[in-house]
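Both ligands and their constituent atoms are indexed starting at 1 by order of listing.
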Amino acid sequence: MPRPIEARIKLAALRHNYLLGRRHAARHNSAAKAWAVVKANAYGHGLLRAAAALGDVADGFALLDLDEAVRLREAGIRQPILLLEGFFEAADLSVCAAYQLTAVVHCLEQLEMLRLAPAPLCLPIYLKLNTGMNRLGLRAEQLPAVRRKLAASPAVGAVTLMTHFAEADGDGGERCIAWQLERFTAMISGWTDAERLPVSLANSAAILRYPQTAHDWVRPGIMLYGGSPFADQDAASLDLLPVMTLRSRILAVQEIGVGERVGYGGTFVARVPTRVGVVACGYADGYPRHAPGGTPILVAGRRTQTLGRVSMDMLACDLTELPESGVNSPVVLWGEGLPADEVATAAGTISYELFCALARRVPVVEG
Ligand SMILES: *Cc1c(COP(=O)(O)O)cnc(C)c1O
């Protein structure tokens with residue numbers, strides 16, 4: 001029998017969440033399309049699995065790696081595929097053309113590669129403007145050079161304008177996005193053709209809270225996987241369904257007396273006689289080692305908490321109040337019944353990181 005841990009991925013929930021995102025965007029623009037953001041192996045859910053689940057509904061797929069884009073095409077995906085960091089060297093351009101990829105162009109160096117590329121490429125590009133995230137994107141003062149290079153680049157096909165919000169998940173309301181929208185508008189004013197170009201701005205947080213940012217294409221990521229992008233609002237209240245449920249079982253039970261400690265470093269000390277459940281899940285499975293004792297966990301459908309430090313292959317939880325639970329009782333680390341966002345918050349991180357960190361050794365079952 002294999003070790004009893006598994007990640008169950010609910011494909012119907014993924015579809016539900018995608019369609020919800022597109023409906024939100026449609027409140028502002030009924031024709032808005034949505035890239036399913038499937039970077040980082042579909043946030044740990046499996047690239048080809050996610051693509052298969054969304055293959056007949058998604059308007060397009062967005063990711064980072066050229067190789068992953070090629071894998072999607074070879075798996076039969078016909079929709080547009082967007083490379084969120086674009087291409088990395090001139091040789092990538094012929095792959096982009098051969099596989100009909102759309103590339104983000106975020107710097108002058110990429111534009112120069114395009115200018116030198118042979119004309120028949122006709123590569124659709126997403127021109128990324130830096131409106132204050134200060135990660136990727138062209139700055140206002142670079143735009144005259146950008147427009148000159150674009151005009152001199154017959155290899156460039158359709159152009160879409162994009163930017164990325166730094167604080168759409170913030171709790172300050174509209175002003176979390178307003179300042180970047182202002183900069184975006186200012187950057188493209190005076191660029192006469194820009195009014196005719198399609199626009200893509202919104203990540204999950206913006207889609208859910210600021211539908212006025214929807215424009216032509218939105219870019220939902222975390223919401224597809226049922227995570228809330230907000231610290232102050234949970235996924236259920238946003239009508240998002242959990243997609244990944246990380247499940248395991250109790251391997252062993254230890255009945256310990258007052259003063260006994262649990263796990264490495266003995267960080268948990270029993271103040272009352274305690275029934276300790278040992279779960280087959282540790283940081284080598286992707287459970288965060290940072291999760292302190294007291295992190296919520298479900299045993300046989302009932303909520304309890306972890307005890308002491310997370311080990312590589314195991315963690316401990318408190319069964320004192322769950323006398324009906326014991327060896328073999330089913331455990332949910334996160335997912336259905338226990339939102340990943342709650343576990344993430346307890347561990348000082350975000351659900352994005354929990355999902356992406358799911359280890360390869362954890363078997364995945366679709367359900
Ligand atoms: C990852 C990413 C997204 C999706 O962000 P979420 O917060 O997961 O919705 C959208 N746009 C870009 C450019 C990204 O890199």
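- Less than 4.0 angstrom separates some heavy atom of Tyr43 from each of these atoms of ligand 1: 1 (C), 4 (C), 5 (O), 6 (P), 8 (O).
- Side-chain N/O atoms of Glu174 and Gln212 include a donor and acceptor closer than 3.5 Å.
- Residue Gly221 approaches ligand 1 through these ligand atoms, each under 4.0 Å from one of its heavy atoms: 4 (C), 6 (P), 8 (O), 9 (O).
- In this structure, His45 and Phe355 have perpendicular ring planes: the angle between them is above 60°, well past the 30° mark.
- Under the 4.5 Å side-chain criterion, counting only non-hydrogen atoms from C-beta, Val332 is not in contact with Leu246.
- Atom 1 (C) of ligand 1 has as its closest protein heavy atom Lys39 NZ, 1.4 Å.
- Residue Tyr264 places its OH atom among 12 or fewer non-hydrogen atoms of other residues, nucleotides or ligands, all under 6.0 Å distant.
- Nearest to atom 7 (O) of ligand 1 by heavy-atom distance, out of Tyr352, Trp35, Tyr126, is Tyr352.
- For the side-chain contact (heavy atoms from CB on, under 4.5 Å) criterion with Leu241, the lone passing option out of Asn17, Leu14, Leu20 is Asn17.
- At a 4.0 Å heavy-atom cut-off, ligand 1 touches Arg219 through backbone and side chain alike.
- The side-chain tip of Arg261 does not point at the ring of Phe268 from less than 6.0 angstrom away and within 45° of straight on.
- Contacts between Met223 and ligand 1 below 4.0 angstrom, taking non-hydrogen atoms only, are absent altogether.
- Ser204 OG, 2.5 Å is the protein heavy atom nearest to atom 9 (O) of ligand 1.
- His106 and Arg135 share no donor-acceptor pair across their side chains, judged by distance under 3.5 Å alone.
- For atom 12 (C) of ligand 1, the closest non-hydrogen atom of the protein is His164 CE1, 3.4 Å.
- Counting atoms of ligand 1 from 1 in the listed order, those under 4.0 Å from a heavy atom of Ile222 are 6 (P), 8 (O), 9 (O).
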